[in-house]
There are 2 protein chains.
Amino acid sequence: MGLYHPTAEDFDLPTVLHALSDPQRLQMVRELAEAEEELPCSGFAVSVSKSTCTHHFRVLREAGVVQQRQLGTSKLNTLRRAELDARFPGLLDAVLAAGPAPVPA
Amino acid sequence: MGLYHPTAEDFDLPTVLHALSDPQRLQMVRELAEAEEELPCSGFAVSVSKSTCTHHFRVLREAGVVQQRQLGTSKLNTLRRAELDARFPGLLDAVLAAGPAPVPA
DNA sequence: GCATAAGTTTGACGATCGTCGTACAATGAG
DNA sequence: CTCATTGTACGACGATCGTCAAACTTATGC
C-alpha cells in the first residue's frame with residue numbers, strides 16, 4: 001500500500017488550486033502550516049467524519065500539498081512547503097497570508 | 001441587467017481558488033494578464049462553445065477575478081489586478097508566474 | 001487473546017461542475 | 001429594413017465532488 005506522492009516537477013497548478021479551494025482542506029493546510037510538526041488526521045479541528053478526512057487528505061496528498069507517513073495506526077501529515085515553493089514560488093505564502101476574513105473598521 | 005461584481009472586501013479565497021482551478025479559466029486569466037487591455041470573449045484562444053465561455057467568465061466575474069463591461073454587443077473583460085493584489089497579496093503573481101509546464105532537460 | 005483506537009474502503013446520496021445545442025436579445029453594417 | 005455578429009438564457013447531459021455510515025484492517029494496551 002504505497003501512498004502516491006507526485007514529484008515536485010509533476011505538480012499541476014490547477015490540481016493544486018483545486019485542492020486548496022475547499023474550505024475544509026484550506027483549514028487543514030492552515031493548521032498544518034501553523035503547527036510546524038507532523039499532525040495525525042485526528043489532530044485537526046475540522047468537523048467532518050473520519051472517512052471524509054481520509055478523502056480530503058488524499059486529495060491534498062495527490063496534489064502534492066502534503067506528505068503522509070504511516071506510524072502505527074496513525075498517519076502523520078506534513079506540508080510539502082519547500083517543494084511547493086520551488087515549483088510555485090509565493091503561492092503557498094499568499095494563500096496562507098490571506099486572512100480568513102477581512103476585518104472591517 | 002446589472003452584472004454582479006463583488007467588492008474587494010467580499011472576495012472569498014476558496015471561491016477565487018476555485019475560479020482559477022479550471023484549466024480553461026486559468027488560460028483566460030493568463031491571456032488577460034499578458035494582453036494588458038480589455039478583451040472580448042471572442043478574443044481568447046480557448047476551444048469551448050460560446051455558452052461555455054459565457055459561463056466561465058461569469059464564474060471569474062463573480063469570484064472577483066475579472067471585470068466585465070458592456071460595449072455594443074461585446075463584453076470587454078479586464079483583470080481586477082489591483083484589487084486582487086490588495087486582498088490577496090502575491091496570489092495572482094504566483095499563479096501567473098507558474099510556468100504552464102515544467103521544462104525538463 | 002481481546003478490546004480499543006486510527007484510518008481505509010466501499011458504496012451511496014444529493015449537489016455542483018463543465019460542456020453543449022438551441023433559441024433568443026441587442027447592436028452594428030449594408 | 002435586413003442581416004450578420006456577439007453574447008445570454010435555458011435546459012440538458014454525464015462527470016466529479018463533498019459528505020456520510022457501515023464494515024473492515026492494523027496496531028497498541030491490558
Side-chain angles (χ1 to χ4, degrees), chain A residues 1-6 12-32 35 37-78, chain B residues 1-6 12-32 35 37-78:
Chain A
M1 196 266 287
L3 297 170
Y4 169 71
H5 288 90
D12 178 59
L13 183 54
T15 304
V16 170
L17 293 177
H18 171 251
L20 297 174
S21 74
D22 180 86
Q24 307 280 7
R25 288 194 291 260
L26 191 51
Q27 179 60 28
M28 293 171 174
V29 169
R30 276 195 221 281
E31 291 186 30
L32 259 186
E37 60 169 337
E38 297 180 300
L39 282 185
C41 226
S42 47
F44 290 86
V46 294
S47 55
V48 290
S49 70
K50 286 192 302 178
S51 29
T52 303
C53 200
T54 298
H55 165 70
H56 282 320
F57 271 108
R58 182 173 35 177
V59 173
L60 289 173
R61 170 171 48 80
E62 292 181 347
V65 179
V66 306
Q67 240 235 329
Q68 292 189 294
R69 171 172 87 87
Q70 193 83 35
L71 181 106
T73 68
S74 287
K75 185 158 286 178
L76 300 182
N77 302 279
T78 351
Chain B
M1 199 263 290
L3 298 171
Y4 169 70
H5 288 88
D12 178 60
L13 184 54
T15 305
V16 170
L17 293 177
H18 170 252
L20 296 173
S21 75
D22 179 85
Q24 306 280 7
R25 287 193 292 261
L26 192 51
Q27 178 60 27
M28 293 171 175
V29 169
R30 274 195 222 282
E31 292 187 30
L32 259 186
E37 61 169 336
E38 298 179 299
L39 282 184
C41 227
S42 49
F44 290 85
V46 294
S47 55
V48 290
S49 70
K50 287 191 302 175
S51 27
T52 303
C53 200
T54 298
H55 166 70
H56 282 320
F57 271 109
R58 183 172 34 178
V59 173
L60 289 172
R61 171 169 47 81
E62 292 179 348
V65 179
V66 305
Q67 239 234 329
Q68 293 190 295
R69 171 173 86 86
Q70 193 82 35
L71 182 105
T73 68
S74 287
K75 185 158 288 177
L76 300 182
N77 302 278
T78 352

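Residue numbering restarts at 1 for every chain, and letters A, B, ... go by the order of the sequence lines. Since this is a predicted model, take the numbers as computed values, not measurements.
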Using whole Å, what does the distance between atom P of nucleotide C:dT9 and atom CG of A:L3 come to?
9 Å
Just wondering, do B:C41 and B:F57 contact through their side chains at under 4.5 Å, heavy atoms?
yes
Would you mind building the protein contact string for nucleotides 19-30 of chain D? One character per nucleotide, 5' to 3', B for base within reach (heavy atoms under 4.0 Å), S for sugar-phosphate only, - for untouched.
BBB----BB---
Between D:dT16 atom P and A:H18 atom NE2, what is the distance in whole Å?
11 Å
For A:S21 and B:L76, take the nucleotide of DNA chain D holding the closest heavy atom to each; which residue's nucleotide lies nearer the 5' end?
B:L76
To the nearest 0.5 angstrom, please state how far the CD atom of A:Q67 sits from the CG atom of A:L3.
9.0 Å
Of the candidate nucleotides C:dG7, D:dG7, D:dG18, which contains the atom at the shortest distance from the side chain of B:S42?
D:dG7
Under 4.0 Å between a side-chain N/O of B:T54 and OP1 or OP2 of D:dT8, yes or no?
yes
NZ of A:K75 versus C1' of C:dA5: gap in Å, rounded?
15 Å
Check each of A:V46, A:V65, A:D22 against A:M28 using the side-chain contact (heavy atoms from CB on, under 4.5 Å) test, and report the only one that passes.
A:V46
To the nearest Å, how far apart are B:Q27 CD and C:dG18 C1'?
17 Å
B:Q24 side-chain N/O to B:H56 backbone N/O, donor-acceptor pair under 3.5 Å:
no
Look up atom CD in A:E62 and atom OG1 in A:T15, then write down how far apart they are to the nearest 0.5 Å.
10.0 Å
Whole-Å distance separating the CZ atom of B:R69 from the P atom of D:dT6:
17 Å
Side chain to side chain contact (heavy atoms under 4.5 Å, CB included) between B:R58 and B:Q68: does it pass, once the steps are laid out?
CA-CA 9 Å; B:R58 183 172 34 178; B:Q68 293 190 295; 5.6 Å; no
So, is A:S74 near the phosphate of C:dG7, with a side-chain N or O under 4.0 Å from OP1 or OP2?
yes
Rounded interatomic separation in angstrom, taking CZ from B:R25 and C1' from C:dT16:
12 Å
Would you say the side-chain atoms of B:Q70 pair up with the backbone N or O of B:G72, donor to acceptor, closer than 3.5 Å?
yes
Can you tell me the distance, in whole Å, between the CZ atom of A:R58 and the P atom of D:dG18?
12 Å
